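Everything numeric here is computed off the predicted structure, so don't read it as measured data. First listed ligand is number 1; within each ligand, the first listed atom is number 1.
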Amino acid sequence: MSEFRLSVRHLLGIKDLTEADLHAIFRTTREFAGILERPIKKVPSLRDFTVANLFFENSTRTRISFELAEKRLSADVINFSASGSSVSKGETLLDTVNNILAMKVDLVVIRHACPGAPHLLSRHIAAQIINAGDGAHEHPTQALLDCYTLLKHLGRIDGIRVGIVGDIRHSRVALSNILALKKLGAEVRVCGPPTLIPSTVTTLGVTVEPSLDRLLAWADAVNVLRIQLERQNIKYIPSLREYARHYGIDRDRIQKLDKQILILHPGPMNRGVEITSEVADSKQAVILDQVLNGVAVRMAVLYLLAGRS
Ligand code: CP
């Protein structure tokens, strides 16, 4: 297993990682992916290591994926969700976390609706932190698993053309993916309703493509995002039907292309809005492979960060 030392003690965002960190994470992921194919999938790497998964916001994939990754590495695991906890009685984030840490926790995985919550914790507590999604800011392990999936299917990331479609404004997946893909040398174009594309996005080195059909004709792969209605306090689009007509990926759009492109979606999907079932369930879609790869990616991140503890 890799003895590489990450340049960071916490995984707060892709922004902080070097290109060498990214490649080390992918090399380690490949090794864990091999272990996950064996009849005995468990390794003792994180024995005597305690991880707390603190989810202050809903999750299906990320939460289960982290828990499984930790258990495959033989860590002791504590799960916390804000609903049903004393957060509803007015306890602060720091008090909640310090109470959990008093029980001798080594590493905290945190998802929180407030951008910067993991960064705040990293300045106040001794445990290592992994950001499992902070508001509309970053979702680093999602970007790592998306990039690993691209690498697995396309053989490289340097020079590939990746389109990101949808609600760029509210998407932590979009920001983390853009940062990772650009560090790895991919070309990135974004497409979506003008109200959902922040004007600052071009400062990240990406191009805005207004036409979905032109984006699909250009791309080797597209990452399709969900409209984040829960983060929209004003109306950015006239209706979901209108959105689906202009920015939804359907069979007709895919069949018009003279090539096969890879289709990714971080989930949860709104079938019939940003993607039809025919496309989501087609061979070109690698959505469930992303989920599978997520476990090995998170094992790699946990393993490499534990090596820095
Ligand atoms: N992709 C993702 O973060 O999904 P969950 O919200 O279900 O964790």
Task: Closest protein heavy atom to atom 4 (O) of ligand 1, given as residue, atom name and distance to 0.1 Å - done: R61 NE, 3.0 Å
Open item on the list: Quick test of your reading of the model: are D220 and R156 salt-bridged, counting only N-O distances below 4.0 Å?
Closed with: no
TODO: Considering only non-hydrogen protein atoms, determine which one is nearest to atom 2 (C) of ligand 1 and report residue, atom name and distance to 0.1 Å.
DONE: T62 OG1, 3.5 Å
Task: Any G133 heavy atom less than 4.0 Å from ligand 1 - done: no
Task: SB check D213 R253 (cutoff 4.0 Å) - done: yes
Open item on the list: Taking E67 first and then R63, would you say they form a salt bridge - that is, a charged N and a carboxylate O separated by under 4.0 Å?
Closed with: no
Task: Atom indices of ligand 1, in the order listed, that fall short of 4.0 Å to a heavy atom of G267 - done: 1 (N), 2 (C), 4 (O)
Task: For Q142, the ligand 1 atoms whose distance to one of its heavy atoms is below 4.0 Å - done: 1 (N), 2 (C)
- [ ] Answer yes or no: does an N/O atom from P266 fall short of 3.5 Å to an N/O atom of ligand 1?
- [x] yes
Task: Contact (N/O only, under 3.5 Å) between R111 and ligand 1 - done: yes
Task: Salt-bridge contact R172-E57 (side-chain N to carboxylate O under 4.0 Å) - done: yes
Open item on the list: Both conditions, 6.0 Å and 45 degrees, for the charged tip of R111 above the ring of F55: are they met here?
Closed with: no
TODO: Please could you name the atoms of ligand 1 that T60 approaches to less than 4.0 Å, counting only its heavy atoms?
DONE: 5 (P), 7 (O), 8 (O)
Open item on the list: Can you tell me how the ring of F80 sits relative to the ring of F56, calling it parallel under 30°, perpendicular over 60° and tilted otherwise?
Closed with: tilted
